[in-house]
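As structure tokens, the structure follows; a few thoughts come after it.
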Amino acid sequence: MSAAPIQLIRHCRGAWRLRRAPGQLQQLQRLLDAHSFWASGRSQRELSRMLTGSQAVISAWQGSRLVGFGRATSDGVFRAVLWDVVVAGEHQGRGLGRRIVEALLQAPALQGVERTYLMTTNSAGFYEQLGFTAVDSQQLMLRRSSSTNVKH
Ligand SMILES: CC(C)(COP(=O)(O)OP(=O)(O)OC[C@H]1O[C@@H](n2cnc3c(N)ncnc32)[C@H](O)[C@@H]1OP(=O)(O)O)[C@@H](O)C(=O)NCCC(=O)NCCS
């Protein structure tokens with residue numbers, strides 16, 4: 001029996017369905033906990049705020065199961081940043097990550113934006129295939145907040 005097809009959903013502003021439909025936020029939490037080191041341990045309340053503050057959100061579903069996710073923030077003109085692109089382990093290496101990034105780049109909030117950035121620890125080769133290039137001329141600067149329980 002062949003596996004059910006994977007459907008991508010481009011969420012409308014605020015990602016209401018992902019935040020409010022029963023069990024969906026829990027599935028997002030589990031996906032991030034299981035397949036990302038930087039986004040594990042986020043509470044559902046934090047994830048809901050994160051979705052509200054994202055201008056582009058893509059989720060990937062096989063039936064009722066969340067198997068992929070990605071989001072972006074954007075000012076709509078000059079700068080956008082991709083965040084939290086994750087594919088469930090058994091679906092990795094089959095082109096789903098590419099589909100999610102392409103859908104993010106095609107989202108209205110990213111259309112025509114001058115520069116789109118991302119940070120990656122070990123997936124640079126994946127993003128190079130999607131048109132991103134490593135930048136040597138700039139430094140990544142980070143200021144950690146002591147007022148939240150965010151770890152990474
Ligand atoms: C990185 C990730 C999103 C890629 O998704 P995926 O569905 O496995 O990737 P795809 O199948 O769409 O791969 C597209 C291409 O990129 C390549 N690729 C995938 N992951 C790669 C990696 N880590 N490094 C280099 N190349 C990679 C694939 O080989 C494929 O090349 P091909 O078209 O020549 O076959 C996924 O592996 C993942 O969720 N990893 C864990 C979380 C993570 O590290 N996310 C990155 C956040 S910055």
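Fair warning: this is a prediction, and the values are worked out from it, not measured in the lab. Note that ligands are numbered from 1 as they come in the structure, with each ligand's atoms numbered from 1 the same way.
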inquiry  = Would a single hydrophobic cluster contain both L66 and M50, if residues Ile, Leu, Val, Met, Phe, Trp and Tyr are joined by side-chain heavy-atom contacts under 4.5 Å?
reply    = yes
query = Taking atom types as modelled and ignoring hydrogens, do the side chains of S54 and W83 form a donor-acceptor contact shorter than 3.5 angstrom?
reply = no
message = Once side chain to side chain donor-acceptor pair (under 3.5 Å) is applied, what residue pairs with a partner in residues 87-98 remain, sequence neighbours excluded?
response = Q62-H91, R65-E90, R98-Q129
query = What residues come within 4.0 Å of ligand 1, counting heavy atoms only?
reply = H35, W38, V85, V86, V87, Q92, G93, R94, G95, L96, G97, R98, M119, T120, N122, S123, G125, F126, Y127, Q129
request  = Answer with yes or no whether the side chains of S59 and W61 bring together a donor and an acceptor at under 3.5 Å.
outcome  = yes
remark   = Members sharing M141's hydrophobic cluster, built from side-chain contacts under 4.5 Å between Ile, Leu, Val, Met, Phe, Trp and Tyr, are none
task = Enumerate the residue pairs fulfilling ring-ring contact (aromatic ring centres under 6.0 Å, His included) with a member in residues 113-134, sequence neighbours excluded, ordered by first and then second residue.
result = Y127-F132
